[in-house]
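Atom set for the values below is all heavy atoms of this structure, side chains included, hydrogens, waters and symmetry mates excluded. All values reported here derive from a predicted model rather than from experimental measurement.
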Amino acid sequence: MREPRPPRSIAAGGYEDEGAERVSRASLAVTTGAWWTASLVVPLERDVGAAPVAFLRLERHGAPLAAYRGDVEIEFSVPAAELGSVATLLSGLIEQGRRDGTLGAP
């Protein structure tokens with residue numbers, strides 16, 4: 001889920017259009033009491049011909065992993081049309097990491 005934006009200074013009675021977006025959300029349990037959530041946000045573009053952007057947020061919830069020092073929140077953006085290619089790249093990289101011994105078995 002997206003963090004609420006800080007209030008902007010708007011003149012009393014003033015209206016400010018902050019745009020519109022489409023949102024998809026998902027979650028996946030990884031252990032008892034721990035899970036990942038994901039959100040995909042694609043703003044509705046107003047400029048004809050503008051390339052849509054996809055904003056992704058992944059976050060781990062629940063019991064922390066012992067001795068883990070990395071982040072549990074990840075946010076990034078990619079051109080929406082290339083999202084499938086990025087997912088394929090990450091999946092292939094994980095498989096290669098397992099074959100190369102960089103990662104252990106799942």
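- For Trp36, there are no ring-ring contact (aromatic ring centres under 6.0 Å, His included) partners two or more places apart in sequence or in a different chain.
- In this structure, Leu28 CG and Trp35 CH2 are separated by 12.0 Å, a value rounded to the nearest 0.5 Å.
- With sequence neighbours excluded, the residues satisfying side-chain contact (heavy atoms from CB on, under 4.5 Å) with Leu44 are Ala20, Arg22.
- In this structure, Leu83 is a member of the same hydrophobic cluster as Leu58, with clusters built from ILVMFWY side-chain heavy atoms closer than 4.5 Å.
- Under the side-chain contact (heavy atoms from CB on, under 4.5 Å) criterion, Ala34 pairs with Val30, Thr31, Arg60, sequence neighbours left out.
- Residue pairs meeting the side chain to side chain donor-acceptor pair (under 3.5 Å) criterion with at least one partner in residues 79-95, sequence neighbours excluded, are Glu95-Arg98.
- The other members of the hydrophobic cluster of Leu103, by chain and number, are Ile94 (side-chain heavy atoms under 4.5 Å, ILVMFWY only).
- Follow the hydrophobic side-chain contacts under 4.5 Å out from Leu40 and you never reach Val23; the two are in separate clusters.
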Distance-only donor-acceptor pairs under 3.5 Å for side chains of residues 70-81, two or more places apart:
{"unit_1": "Glu73", "atom_1": "OE1", "unit_2": "Arg57", "atom_2": "NH2", "d": "3.3"}
{"unit_1": "Glu75", "atom_1": "OE2", "unit_2": "Arg57", "atom_2": "NH1", "d": "3.0"}

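- A continuous path of ILVMFWY side-chain contacts below 4.5 Å connects Val53 to Val41, so both sit in one hydrophobic cluster.
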